[in-house]
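A quick write-up on the structure given underneath.
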Amino acid sequence: MIIISQKLKNMENQEKKRTPKNIFVNGPIAPEKISKSIANHATKTDIGGHSIFLGQVRADEKEGGTVKAIEYTAYEDMALQKAFEIREDVFSKYPLTCMHIYHSLGEVKTGEICLFVFTSSKHRKAAIDACEELVERIKKDLPIWGKELVDNDSSVWKENT
Amino acid sequence: MIIISQKLKNMENQEKKRTPKNIFVNGPIAPEKISKSIANHATKTDIGGHSIFLGQVRADEKEGGTVKAIEYTAYEDMALQKAFEIREDVFSKYPLTCMHIYHSLGEVKTGEICLFVFTSSKHRKAAIDACEELVERIKKDLPIWGKELVDNDSSVWKENT
Amino acid sequence: MKVLAFGKIAEIVGNQEIEIDNLPNTEVLLGYLRQQYPQLQNMKFTLAVNKKQVSGNTEIPRGAEVALLPPFSGG
Amino acid sequence: MKVLAFGKIAEIVGNQEIEIDNLPNTEVLLGYLRQQYPQLQNMKFTLAVNKKQVSGNTEIPRGAEVALLPPFSGG
């Protein structure tokens, strides 16, 4: 009895021991990556709801032209460490089954996807709230920079508000 | 000048004249349908954020067995009319570019997707808030019923709380 | 008039659709249904007249479509 | 010590990475950088010492990696 409960405890601890995961994708995030990620959760039959947020590059009007792409760079080591902290924090706050974060690096054209946040839970509320919180914190706290490339060959550094 | 502004006005009105759309899908919603729907928005370069909610059938434990599927039926005419009202209402409340709602009819197995709600907007907040509101109202107001099929051949009618 | 039954109520009534003689209002209809299908007496459900949900006693137009709606459970 | 520059600041500094002699704290480092790159004087940015964001004057360990971080704009 004691042995079994000790084993269970170890398993629990093991499960909780998560390490930083890569969140970066070179170039745009393909819609097929998203459907594949969804399909991967079909075996997790304790999930009742998934919440997904996708960031898409807008063709904003700038002085002298229209945005045609955003070029993303990051302080990668720090971003991965920070993403890990956010991840742990959000996992501890909401009863989630799964959480996935992907962010583009390099050039992403207008109309393409640059951010993919995906949370799953038994009930919808946790998945929805966690997803929204993740998006806010990713934008606010991750050292990632987007340079908007304008079609007259100028560029503008974005700034999240 | 007067003619042009009248034409613009007509276009606006035309755009606002939406009619009930079918929301029902026979059987589960395939992940590929979701990626295709996302890809279809790549040409809408005024979109900055998409919010997606997916309902997935859970293998809940019931007296005497485990849920293996949900069988959905609906009062279709009324559901489509009501979905249209909700749609118009949410469109008038949030600055959305697009909104899509799909719900399964018939049998959906555990791990499969039965609900797909998809909103897009220039800025993330409108997309996220509208998506959440749609999910709540779909569950509360649409005349759709799910019968959980248990693996001992019994069944339980679901009831949204 | 036409009465449509859904979900658990369709199972009790044994039919998705029944034709009955016109009845003047929903109170009379409910009385009739509860007599015909005693199991309905312990069931929670609402009514829609011509696809609009109603509450309280409501007039039923001639030839209307009245639906018996157990609690929704979509999504 | 190593100084990393990102985003708009990398463009101003002209380099992603510069090696400089160890400086004792972030105030001294900022003074040095603003003298070397006058354009930094009108720029909003924060610092990270060994990948942790800091605020106020902070000691810089020998051989540390200090990063100059303009406002984030991911997502």
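Chain A is the first sequence line, chain B the second, and so forth, proteins listed ahead of strands; every chain is numbered from 1. Computed over heavy atoms, backbone and side chain alike; hydrogens, waters and symmetry mates excluded.
- Of the listed residues (T110(A), V57(A), I47(A)), the greatest number of heavy-atom pairs within a distance under 4.5 Å of chain B belongs to I47(A).
- Of the atoms belonging to L115(A), not a single heavy atom falls under 4.5 Å from chain B.
- Among the candidates V135(A), D60(A), I128(A), T66(A), the residue making the largest number of heavy-atom pairs closer than 4.5 Å to chain B is I128(A).
- The part of K125(B) that comes within reach of chain A is its side chain, from C-beta onward, which places non-hydrogen atoms under 4.5 angstrom from that chain.
- Aromatic ring pairs are classed by plane angle as parallel below 30°, tilted from 30° to 60° and perpendicular above 60°; the pair Y72(A) and H103(A) is perpendicular.
- Interface check for chain B: of the options K44(A), E32(A), H41(A), the most heavy-atom pairs under 4.5 Å are formed by H41(A).
- Between E148(A) and the choices K62(A), K68(A), R58(A), K109(A), the salt bridge (Lys or Arg N to Asp or Glu O under 4.0 Å) rule is met once, by K62(A).
- Side-chain atoms of S121(A) never come within 3.5 Å of backbone atoms of L96(A) as a donor-acceptor pair (strictly under, hydrogens ignored).
- Stacking of K33(B) on the aromatic ring of F116(B) is not recorded, the 6.0 Å distance cut-off and the 45° axial limit not both being met.
- Between chain B and the options R124(A), E112(A), K139(A), E136(A), heavy-atom pairs under 4.5 Å are most frequent for R124(A).
- With a 4.5 Å cut-off on non-hydrogen atoms, D129(A) touches chain B through its side chain but not through its backbone.
- Heavy atoms of T43(A) lying under 4.5 Å from chain B are absent altogether.
- Paired with L54(A) under the rule side-chain contact (heavy atoms from CB on, under 4.5 Å), one option of I34(A), I29(A), V117(A) passes, and it is I34(A).
- Looking at every heavy atom in both residues, E63(A) comes nearest to N152(A) through O-ND2, 4.2 Å.
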